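On a predicted model such as this, the values are computed, not experimentally measured, just so you know. To find a chain, count down the sequence lines: A is the first, B the second, and so on, and within it residues start at 1. What you see below is based on every heavy atom in this structure, not just the backbone, and it leaves out hydrogens, waters and symmetry mates.
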Number of protein chains: 2
Amino acid sequence: MTTPPPSPPPLLRLEDFVPYRLSVTANLVSDVIASAYEARFGLKVAEWRLVAVLAEDGPQTQQSIGQRTRMDKVTVSRAAIALCDRALLERRDNPQDKRSHLLVLTEAGIRLYEEVAPVALSLEKELLSGIGPAEMDALMAMLKRLEQAALTVGTGLMADADGDGN
Amino acid sequence: MTTPPPSPPPLLRLEDFVPYRLSVTANLVSDVIASAYEARFGLKVAEWRLVAVLAEDGPQTQQSIGQRTRMDKVTVSRAAIALCDRALLERRDNPQDKRSHLLVLTEAGIRLYEEVAPVALSLEKELLSGIGPAEMDALMAMLKRLEQAALTVGTGLMADADGDGN
DNA sequence: GCCAGGTAGTTACATTTGTTACCAATAAGC
DNA sequence: GCTTATTGGTAACAAATGTAACTACCTGGC
């Protein structure tokens, strides 16, 4: 009609924009994994993470799990409650600090872990089919570096998150 | 007192488990980006994506945007409504199909894009500091491959309610 | 000891997000 | 030119997620 679509010069290719690509891929992967856990073991991702961390590093407080996995303390709390309800973990009193509980896997929890872990690894393998071990190491290293960078940038912007219209 | 010693053999190192690492990193990065967009331009991620896709590929329907960005059609719809309210885009009737609208950026939308894009690129650069261009290409390639693999695996074990098409 | 300030964890609430159901328009069958 | 099945899009509902406030406890100064 009057003004034909102006077609501005694309300043940015979304397909090749790292945060976008990262987010899309991660969500897709996460979705696949999540539904596999959910369908096969009735576990949500957060719950599986609790189990994995506890199996790996032994009993610890919710806070320490939260730090390790960068999950919110509320998320951890809910996951812990859910697992406790299913008797997969126990919350013992922490002699050092009576505010906190020490989370410990029960026998059933350990068994569940031993059942889930191989499935998780096999899913991972399937996802990584066609990617060599060297490449994979490089991928992991980059992800870790990205994580660090994001933390730095994040805390940088945190100072004046909002308040100024700008 | 002393109870079953909870030292199961760690079958899996969460730190090195790709889906976990990917998810943690992506969420962190996404968070940083999202709060930057939100604080500086009042844009949510989905909204920014609409703007970017429209600027890049020109006017198109919501459905095509959904396919391209793997966002749910509801997400796209909400983002479109929000942007329309702010007069950043217009919904023209689609002569081909009167059910759908053609989304077109307005002048203001284009200007916003031209303002946001450089910021996005600079944020990306900051995140990628310390990662060489070759490595980055490798990262992108691997992410794309992971995405493909996830799609395959996903459709394999999911009931797949999503009409992804092509 | 006691009070201020801070932390672990939970609860209650608000916001976001996904699901389902629905309407309008198209396309296919008769 | 109707009736039925599908599709684009939205709205209404339900579930997940984050935020703020709260309890219980710890720590330090006095």
Side-chain angles (χ1 to χ4, degrees), chain A residues 23-24 26-28 30-32 34-35 37-38 42-50 59-85 89-103 154 158 161-162, chain B residues 23-24 26-28 30-32 34-35 37-38 42-50 59-85 89-103 154 158-166:
Chain A
S23 168
V24 169
N27 285 341
L28 216 57
S30 191
D31 245 37
V32 170
S35 45
Y37 290 165
E38 177 78 55
L43 282 179
K44 303 190 179 179
V45 173
E47 290 162 22
W48 155 244
R49 283 185 187 170
L50 283 215
Q60 55 196 294
T61 65
Q62 297 185 181
Q63 198 216 17
S64 103
I65 295 177
Q67 271 176 242
R68 177 122 157 32
T69 59
R70 300 201 195 296
M71 293 194 289
D72 196 79
K73 63 179 184 171
V74 178
T75 309
V76 175
S77 173
R78 296 201 252 242
I81 290 170
L83 291 172
C84 213
D85 284 350
L89 66 78
E90 233 176 76
R91 328 176 94 173
R92 307 209 176 136
D93 286 345
N94 184 354
Q96 253 85 57
D97 185 338
K98 274 174 198 154
R99 290 169 298 182
S100 68
H101 316 283
L102 268 184
L103 303 187
M158 212 78 142
D162 75 330
Chain B
S23 168
V24 169
N27 284 341
L28 216 58
S30 191
D31 243 38
V32 169
S35 46
Y37 290 165
E38 176 79 55
L43 283 178
K44 304 192 176 176
V45 173
E47 291 163 19
W48 155 244
R49 283 185 187 170
L50 282 215
Q60 55 197 297
T61 66
Q62 294 185 183
Q63 199 214 20
S64 103
I65 295 178
Q67 270 175 242
R68 176 118 157 36
T69 59
R70 298 200 197 296
M71 293 195 290
D72 196 80
K73 64 176 182 171
V74 178
T75 309
V76 175
S77 174
R78 295 202 254 243
I81 290 170
L83 291 172
C84 212
D85 283 350
L89 67 77
E90 232 177 78
R91 329 177 94 174
R92 306 207 176 137
D93 287 345
N94 185 354
Q96 253 85 57
D97 187 335
K98 276 177 196 152
R99 289 169 298 186
S100 68
H101 316 282
L102 268 184
L103 305 186
M158 281 197 349
D160 196 36
D162 188 292
D164 188 10
N166 46 335

A:Leu103 side, atom CG; A:Leu89 side, atom CG - distance, nearest 0.5 Å | 5.5 Å
Find the distance A:Asp97:CG to C:dG9:P and express it as a whole number of Å.
-> 8 Å
Starting at CD of A:Gln62 and ending at C1' of C:dT7, how long is that distance when rounded to a whole Å?
-> 13 Å
Test salt bridge (charged side-chain N to carboxylate O under 4.0 Å, His left out) applied to A:Asp97 - qualifying residues, sequence neighbours left out | A:Arg99
Who passes salt bridge (charged side-chain N to carboxylate O under 4.0 Å, His left out) against A:Arg70, sequence neighbours left out?
-> A:Glu147
Are the side chains of A:Arg49 and B:Ser23 in touch, meaning some heavy atoms are under 4.5 Å apart?
-> yes
Residue list, side chain to side chain contact (heavy atoms under 4.5 Å, CB included) with B:Thr61, at least two apart or on another chain | B:Gln63, B:Ser64, B:Asn94, B:Ser100, B:Leu102
Does a side-chain N or O from B:Thr75 land closer than 4.0 Å to OP1 or OP2 of C:dG18, or not?
-> yes
Give a yes/no on whether any side-chain N or O of A:Ser77 is located under 4.0 angstrom from OP1 or OP2 of C:dG9.
-> no
Taking only the side-chain nitrogens and oxygens of B:Gln63, find out if one of them lies under 4.0 Å from OP1 or OP2 of D:dG8.
-> yes
In whole angstroms, the gap separating P of C:dA24 from CG of B:Asp93 amounts to 16 Å
Please state whether the base of D:dT7 and the side chain of B:Arg99 form at least one donor-acceptor pair under 3.5 Å?
-> yes
For nucleotides 11-16 of chain D, 5' to 3', base contacts (B), sugar-phosphate-only contacts (S) and non-contacts (-) with protein non-hydrogen atoms under 4.0 Å give B----S
Beyond-backbone contact of A:Val76 with A:Leu50, side-chain heavy atoms, under 4.5 angstrom | yes
Should B:Gln62 and B:Arg91 count as side-chain neighbours, where that means a heavy-atom distance under 4.5 Å?
-> yes
In whole angstroms, the gap separating P of D:dT10 from CG of B:Asp85 amounts to 11 Å
Helical stems, DNA chain C - three or more consecutive Watson-Crick or G-U wobble pairs below 3.5 Å = C:1-30 with D:1-30
Would you give the length of the straight line joining atom CD1 of B:Ile65 to atom CZ of B:Arg68, rounded to the nearest 0.5 angstrom?
-> 9.0 Å
May I have the distance from B:Asp72 (atom CG) to C:dT16 (atom P), rounded to whole angstrom?
-> 17 Å
When you measure from the side chain of B:Lys98, which nucleotide among C:dA8, C:dT26, C:dT10 comes out closest?
-> C:dT26
Is the shortest side-chain N/O distance from B:Gln96 to OP1 or OP2 of C:dA25 below 4.0 Å?
-> no
B:Glu38: salt bridge (charged side-chain N to carboxylate O under 4.0 Å, His left out) partners, not counting sequence neighbours | none
Nearest-Å distance, CE (A:Met71) to P (D:dT17)?
-> 11 Å
When the distance from CG of A:Leu103 to P of C:dA8 is rounded to whole Å, what number comes out?
-> 14 Å
Can you tell me the distance, in whole Å, between the CG atom of A:Leu83 and the C1' atom of C:dT10?
-> 16 Å
